[in-house]
*Asks:* 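Next up is a structure, given as structure tokens.
Residue numbers begin at 1 in each chain, while the letters A, B, ... track the order of the sequences.
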4 protein chains.
Amino acid sequence: MDGTRQRRRGDTRQRIQDVALELFAEQGYEKTSLREIAERLEVTKAALYYHFKTKEEILVSIFEDLSRPIEDLIEWGRLQPHTLETKQEIVRRYSEALAGAAPLFRFMQENQATVRELRIGGMFKDRMLVLRDILVAPDADLVDQVRSISALFTLHAGMFVLQDLEGDPEDKRRAVLEVATDLITRAHRGAGES
Amino acid sequence: MDGTRQRRRGDTRQRIQDVALELFAEQGYEKTSLREIAERLEVTKAALYYHFKTKEEILVSIFEDLSRPIEDLIEWGRLQPHTLETKQEIVRRYSEALAGAAPLFRFMQENQATVRELRIGGMFKDRMLVLRDILVAPDADLVDQVRSISALFTLHAGMFVLQDLEGDPEDKRRAVLEVATDLITRAHRGAGES
Amino acid sequence: MDGTRQRRRGDTRQRIQDVALELFAEQGYEKTSLREIAERLEVTKAALYYHFKTKEEILVSIFEDLSRPIEDLIEWGRLQPHTLETKQEIVRRYSEALAGAAPLFRFMQENQATVRELRIGGMFKDRMLVLRDILVAPDADLVDQVRSISALFTLHAGMFVLQDLEGDPEDKRRAVLEVATDLITRAHRGAGES
Amino acid sequence: MDGTRQRRRGDTRQRIQDVALELFAEQGYEKTSLREIAERLEVTKAALYYHFKTKEEILVSIFEDLSRPIEDLIEWGRLQPHTLETKQEIVRRYSEALAGAAPLFRFMQENQATVRELRIGGMFKDRMLVLRDILVAPDADLVDQVRSISALFTLHAGMFVLQDLEGDPEDKRRAVLEVATDLITRAHRGAGES
DNA sequence: TATGAATGAGTCTTCATTCAT
DNA sequence: CATGAATGAAGACTCATTCAT
């Protein structure tokens with residue numbers, strides 16, 4: 001009834017994830033301490049351990065919750081014929097999915113060294129490999145393979161580095177998407193040949 | 001004459017930089033402790049402090065030493081007319097420069113969150129902005145701007161992510177270069193319009 | 001019932017302060033390490049950090065707790081008319097207050113260089129200045145000003161240096177008090193003139 | 001010929017003492033590192049070790065050099081009859097001697113805890129005891145003993161604490177001297193009796 | 001008369017984690 | 001559903017000192 005503390009009963013787990021992601025994305029995983037997270041939430045460190053077994057677990061849970069749409073997308077993509085239209089559709093939906101969980105992917109992008117050693121490192125890498133295999137035929141020209149991978153990077157990095165640029169975020173996202181789609185399309189057609 | 005300890009007199013500073021870069025690139029900056037670096041070199045931690053004032057200073061000195069060619073390239077590029085040929089030349093030479101200091105740039109790529117808080121974060125960002133301004137006219141179509149930036153990412157990320165792919169590294173580098181050059185060329189011509 | 005470890009639950013903070021003050025007074029602030037304090041208490045260094053944020057904070061907390069009576073005295077003195085009787089009363093009560101927190105003031109006396117750089121240095125100095133302004137009119141004869149200040153020193157130093165002298169401590173304190181009172185009285189009357 | 005570096009040949013030892021005393025007095029003994037001293041002199045730490053065996057030795061040598069006049073004074077005083085005139089003379093000359101080596105005695109005053117553990121601690125204390133025995137008869141009234149000791153403190157502390165007070169330093173020294181002389185005189189006459 | 005290079009012991013401090021209550 | 005109190009391991013860094021040159 002007073003709104004702040006009482007009403008939150010039960011959503012502490014969620015609040016931990018929110019604050020943790022915010023800090024992880026801002027400062028990096030290693031530089032964010034549990035003390036800091038706890039302080040922001042005005043609970044004790046021990047409370048975090050009631051909800052999560054380890055620091056890494058907090059991150060894993062965030063990753064699992066927030067990257068579900070991407071997992072679904074990849075699952076879907078796997079079952080489609082690998083036509084150009086499918087690829088374009090995947091890129092389009094991938095772009096949306098990234099935008100929907102921007103802080104998480106900013107974090108993944110900026111903490112690769114850390115993430116690599118963590119459980120989510122493996123999970124993420126596996127997904128990327130599946131995605132790559134959908135987007136590019138393994139027997140394709142090397143240049144076209146690079147083009148496909150480049151499309152993926154463009155999507156990933158695009159959102160964060162473009163923050164510096166002025167302009168409407170949604171405009172920028174669409175520009176990024178266009179470039180990625182273009183790359184995928186050229187890769188599909190074998191532009192490397194021309 | 002016994003080669004290990006005696007001969008090394010005087011090159012300790014260099015050896016520190018080498019080992020540090022190796023470990024920083026492998027495990028990340030924060031996860032690499034000075035103890036670890038010292039142990040690998042079979043010296044004490046205090047010896048590191050004889051040669052460098054802080055942990056960060058070690059990194060800064062590596063960055064300064066290894067990224068000199070890139071600084072020179074950017075300096076050169078600034079003075080050229082911003083023609084398509086210049087841009088292509090810059091991309092070509094940038095690709096070479098990155099390959100020449102691969103571990104450093106792998107480190108920069110994979111530790112962005114950390115690097116951002118460090119002195120080299122600012123230095124690096126400034127350089128990238130200059131490079132961007134050379135490669136893309138500020139009044140260009142948004143899509144073409146993205147294309148230019150995408151070219152840069154492709155070069156940066158290309159080298160590391162492509163390690164997974166089988167094939168000759170030099171072949172891969174050339175493939176990456178081709179894609180980047182293609183992106184830059186299309187950006188220059190205003191492909192976004194067509 | 002076993003008295004040592006169990007019964008102490010909850011008074012760790014106090015025990016830290018006690019041991020710390022003892023060691024600070026004995027060996028000085030810089031020469032007393034947190035390791036030493038922790039060892040005496042049979043806890044880990046980290047336990048100290050649960051109760052206090054820094055080494056300095058331990059000292060500050062001791063100072064605040066133990067010098068409260070003096071703060072109160074000064075506060076009281078400020079509101080009194082600056083008559084001879086007031087001054088004598090202040091000196092008397094000050095002497096008692098010092099005796100009540102002897103180890104702290106011994107520490108302050110013997111670690112002036114250190115204390116000056118610490119937070120309590122400023123606090124203490126401010127108090128002394130207020131006290132001085134109560135005890136001596138700012139327009140007084142220079143010699144009388146010195147007399148007042150000398151009274152203060154006599155009280156401060158008296159207790160520690162006189163430890164060497166044989167005799168009952170309470171007798172010595174009263175002797176010191178008499179000399180200080182004498183100085184204050186002569187300063188008040190303008191003995192410097194005669 | 002160029003005056004700074006060349007001419008200094010041979011007086012490095014002296015320069016070390018000067019800089020060391022300055023820093024010791026300013027920051028305290030423990031907080032002053034040999035690195036700091038060396039840097040100010042633009043020599044290496046190792047150079048300090050050419051001239052002095054240890055850090056403590058630097059301090060000892062300073063003490064011995066600068067407190068010679070006081071040692072002489074005490075030696076002289078010992079041989080005089082302990083008349084009032086002698087005592088007054090000693091106080092007068094002691095005041096001068098202190099003023100002549102002010103930084104050293106400021107240091108002694110502000111680093112008592114440190115000094116106590118050092119070699120000079122014992123030396124200094126011994127001298128003080130001799131001085132005390134000259135100034136006050138061991139069978140004197142307790143209050144008069146305090147008065148004598150208070151005179152000494154007044155001289156010691158006077159110079160440093162009075163720095164805050166406005167006014168000509170020489171004036172202040174004379175005021176301090178007057179108070180000290182007064183105390184000694186009253187102690188001699190047995191003012192405690194009256 | 002110094003220096004360059006290094007060491008060993010120690011400093012304060014932070015961290016993720018635990019567990020009885 | 002959480003806290004208070006604590007730990008063990010480790011972190012970056014500083015210091016006085018040494019010694020071959």
*Asks:* May I ask you to evaluate whether C:Thr12 reaches the phosphate of F:dA6, defined as a side-chain N or O under 4.0 Å from OP1 or OP2?
*Replies:* yes
*Asks:* Counting side-chain heavy atoms from CB outward, which of E:dG4, E:dC15, F:dA2 is closest to D:Thr44?
*Replies:* E:dG4
*Asks:* Please tell me which of the listed nucleotides, F:dT14, E:dT14, E:dG10, lies nearest to the side chain of C:Arg35?
*Replies:* E:dG10
*Asks:* Can you tell me the distance, in whole Å, between the CD atom of D:Glu39 and the P atom of E:dT3?
*Replies:* 13 Å
*Asks:* Could you state the atom-to-atom distance from CD of B:Glu56 to P of F:dG11 in whole Å?
*Replies:* 18 Å
*Asks:* Of the candidate nucleotides E:dT7, E:dC15, F:dT3, which contains the atom at the shortest distance from the side chain of B:Ala47?
*Replies:* E:dT7
*Asks:* Rounded to whole Å, how long is the line connecting atom CG of C:Leu48 with atom C1' of F:dT7?
*Replies:* 12 Å
*Asks:* Within this structure, what is the CZ-to-C1' distance between A:Arg13 and F:dA2, rounded to whole angstrom?
*Replies:* 16 Å
*Asks:* Paired with F:dT21 by Watson-Crick or G-U wobble geometry, both distances under 3.5 Å: which nucleotide is it?
*Replies:* E:dA2
*Asks:* Could you identify the nucleotide paired to F:dT7, looking across every strand shown and requiring Watson-Crick or G-U wobble geometry with both distances under 3.5 Å?
*Replies:* E:dA16
*Asks:* Taking the nucleotide of DNA chain F with the closest heavy atom to each, which residue, D:Tyr49 or B:Thr32, is nearer the 5' end?
*Replies:* B:Thr32
*Asks:* Determine, for C:Glu39 against C:Arg35, whether the closest basic-nitrogen to carboxylate-oxygen distance falls under 4.0 angstrom.
*Replies:* yes
*Asks:* On DNA chain E, check which nucleotide each of C:Glu30 and B:His51 is closest to and give me the residue with the more 5' one.
*Replies:* B:His51
*Asks:* Ignoring hydrogens, what is the shortest heavy-atom contact between C:Phe160 and C:Phe105? Give both atom names and the distance.
*Replies:* CZ-C, 3.4 Å
*Asks:* What is the separation between atom CD on C:Glu42 and atom C1' on F:dT7, rounded to the nearest whole Å?
*Replies:* 15 Å
*Asks:* Answer yes or no: is there a donor N or O on one side and an acceptor on the other, between the side chain of B:Arg40 and the main chain of B:Ala20, under 3.5 Å?
*Replies:* no
*Asks:* Is C:Lys55 reaching over with its side chain to a backbone N or O of C:Tyr29, donor-acceptor style, under 3.5 angstrom?
*Replies:* yes
*Asks:* Check every atom of F:dG4, E:dA5, E:dT17 against the side chain of A:Thr54 and return the nucleotide holding the closest atom.
*Replies:* E:dT17
*Asks:* May I have the distance from B:Lys53 (atom NZ) to F:dC15 (atom P), rounded to whole angstrom?
*Replies:* 13 Å
*Asks:* Of the options E:dA16, E:dA5, F:dT17, whose atoms approach the side-chain atoms of D:Lys55 most closely?
*Replies:* F:dT17
*Asks:* Whole angstroms only, please: what is the CG-C1' distance between D:Leu59 and F:dA16?
*Replies:* 15 Å
*Asks:* Tell me which of B:Tyr50 and A:Leu34 sits closer to the 5' end of DNA chain E, going by the nucleotide each one is nearest to.
*Replies:* B:Tyr50
*Asks:* When only distance counts, do a donor and an acceptor, one from the side chain of A:Lys45 and one from the base of E:dT17, lie under 3.5 Å apart?
*Replies:* yes
*Asks:* Within the distance-only criterion (no hydrogens, no angle test), does the side chain of C:Glu56 pair as donor or acceptor with the backbone N or O of C:Arg119 below 3.5 angstrom?
*Replies:* yes
